[in-house]
Amino acid sequence: MSVPWWAWAAVMLAVAAMLAVDLFLHRDNHVIGFREAAVWSGIWVAAGLLFGVVLWAWQGGDVAGTYYAGYLIEKALSIDNVFVFALIFTAFAVPAAYQHKVLFWGVLGALVFRFVFIFVGAELLETFFWTAYVFGAFLIWTGWKMAFRHGDEAPPERNPVVRLMRRIIPTDPAYHGDRFVTRIDGKRVATLLFVVLIAVEATDLIFAIDSVAAILAITTSTFIVWTANAFAILGLRSLYFCLAGLLRRFVHLHYGLAVLLAFAGVKLILSETPVGKLPIPVTLGVILVTITVSIVWSLRSTREAATPGR
């Protein structure tokens with residue numbers, strides 16, 4: 001798929017404009033309620049789906065279907081990011097009013113990381129066919145690890161990047177409003193909120209490797225891969241505030257995400273065999289069924305515990 005420079009420029013400007021609007025509307029650091037988060041989630045999802053319609057009109061149904069498959073798998077995997085965000089905010093006791101700011105800059109960093117990973121990964125797959133087997137095996141291993149070792153994550157404050165940052169940058173272990181940097185005794189020091197931001201960026205860096213590898217199993221078109229990632233990530237903040245109260249009920253969701261990662265790995269390996277790439281309708285069907293089953297299973301399993309008076 002050949003994409004002209006103006007298409008890249010248009011998408012970049014659109015993403016920048018949406019981020020600017022979001023930052024402006026939340027400049028007062030107010031606490032995000034469920035209703036506001038739900039409205040914004042609807043806006044971000046609508047934007048992601050509408051972009052697929054634009055692709056359909058511009059490049060045809062096959063390209064649009066590939067984008068939707070990538071968007072869905074990225075959206076599903078982003079739910080696991082939400083679990084980690086909740087863990088980080090709880091571990092560092094981040095005030096609710098500052099959580100959106102951390103997530104905003106965290107998402108901005110995630111877009112940059114993934115942009116780099118996507119071009120590097122796509123180039124490797126195009127140049128060296130055997131990297132498909134490496135990426136595929138990595139995804140299958142990651143899926144197995146997610147299925148059987150979920151919940152064993154190290155505390156955020158033990159993250160090597162966070163620990164290194166605390167050693168090389170003067171840090172005050174307290175919050176100073178919504179500031180990432182402040183002055184104490186005339187010296188500029190990082191605040192605890194900056195440490196939280198580093199924790200979010202470091203963990204997302206790990207998630208980016210998994211998610212980019214998963215979508216490269218669907219297509220190596222850098223334009224499709226990045227736009228699917230971008231539109232899925234843009235709604236990550238709103239998704240967090242929507243699901244924050246429901247996370248404890250998604251007890252089996254990690255099995256569904258594990259299946260998706262393993263499926264992406266198998267799909268990537270098969271693409272370099274006589275079987276070839278699986279049809280997009282099959283990919284979309286597997287993604288939708290897996291997500292639906294894992295969520296319904298989770299909600300049914302926790303229904304009694306969520307019912308008041310039980």
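Side-chain contact between Q99 and Y240 is present, with at least one heavy-atom pair separated by less than 4.5 Å. The shortest distance between side-chain heavy atoms of K75 and V45 falls below 4.5 Å. You'll find the side chain of F180 reaches within 4.5 Å of the side chain of K101, heavy atoms only. Residues W44 and R237 have side chains in contact (heavy-atom distance under 4.5 Å, counting atoms from C-beta outward). Put simply, the side chain of I224 reaches to within 4.5 Å of the side chain of L55, judged on heavy atoms. Within the 4.5 Å cutoff, the side chain of L193 has no heavy atoms near those of the F92 side chain. You'll find the side chain of L49 reaches within 4.5 Å of the side chain of Y68, heavy atoms only. The shortest side-chain heavy-atom distance between P170 and K187 does not fall under the 4.5 Å cut-off.
A distance of 10.0 Å separates OH of Y98 from OG1 of T191, quoted to the nearest 0.5 Å. Between the CZ atom in R183 and the NE2 atom in H176 there is a gap of 13.5 Å [rounded to 0.5 Å]. For the atom pair L260 CG and I73 CD1, the distance stands at 5.0 Å (nearest 0.5 Å). The distance from atom CG of L239 to atom CG of L234, rounded to the nearest 0.5 Å, is 12.5 Å. Annotation: the span from H100 atom NE2 to L103 atom CG amounts to 7.5 Å, rounded to 0.5 Å. Rounded to the nearest 0.5 angstrom, T220 OG1 and I118 CD1 are separated by 12.0 Å.
For the residue pair G256 and S294, the shortest heavy atom distance occurs at CA-CB, 3.8 Å. Closest heavy-atom contact between A228 and G70: CB-C, 3.9 Å. Looking at every heavy atom in both residues, T219 comes nearest to S221 through OG1-N, 3.1 Å. Shown here for V200 and G106, the closest heavy-atom pair between the two residues is CG1-CA, 4.2 Å. Here the shortest heavy-atom pairing between A190 and I169 reads CB-CG2, 4.0 Å. The two residues E74 and V212 make their nearest non-hydrogen contact at OE2-N, 4.4 Å.
For the side chain to side chain donor-acceptor pair (under 3.5 Å) test, residues two or more places apart in sequence or in another chain that qualify with R114 are D204, S211, N229. Residues meeting the ring pair (Phe, Tyr, Trp, His ring centres under 6.0 Å) test with W6, sequence neighbours left out: W58. Residues forming a side chain to side chain contact (heavy atoms under 4.5 Å, CB included) with V11 (at least two apart in sequence, or on another chain): V15, F51, F223, W226, T227.
In this structure, I269 is not a member of the same hydrophobic cluster as V259, with clusters built from ILVMFWY side-chain heavy atoms closer than 4.5 Å. With hydrophobic clusters built from ILVMFWY side chains whose heavy atoms lie under 4.5 angstrom apart, I43 shares a cluster with F241. Under a hydrophobic-cluster definition in which Ile, Leu, Val, Met, Phe, Trp and Tyr are linked whenever side-chain heavy atoms come within less than 4.5 Å, directly or via other members, L108 and V21 are assigned to the same cluster. One hydrophobic cluster holds both L288 and I291 under the rule that ILVMFWY side chains link at heavy-atom gaps under 4.5 Å. By the rule that hydrophobic residues join a cluster once side-chain heavy atoms approach within less than 4.5 Å of another member, L236 and V112 end up as members of separate clusters.
Under the 4.5 angstrom side-chain criterion for Ile, Leu, Val, Met, Phe, Trp and Tyr, V296 has no cluster partners at all. Here W56 is tied to no hydrophobic group at all, with no ILVMFWY side chain closer than 4.5 Å. W297 shares a hydrophobic cluster with Y255; the chain of contacts runs through ILVMFWY side chains whose heavy atoms sit under 4.5 Å apart.
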From CA spacing to verdict: side chain to side chain contact (heavy atoms under 4.5 Å, CB included), Y67, V54: CA-CA 11 Å; Y67 163 79; V54 172; over 6 Å; no

Check against side chain to side chain contact (heavy atoms under 4.5 Å, CB included), L111 and L19: CA-CA 11 Å; L111 289 173; L19 286 171; 4.0 Å; yes

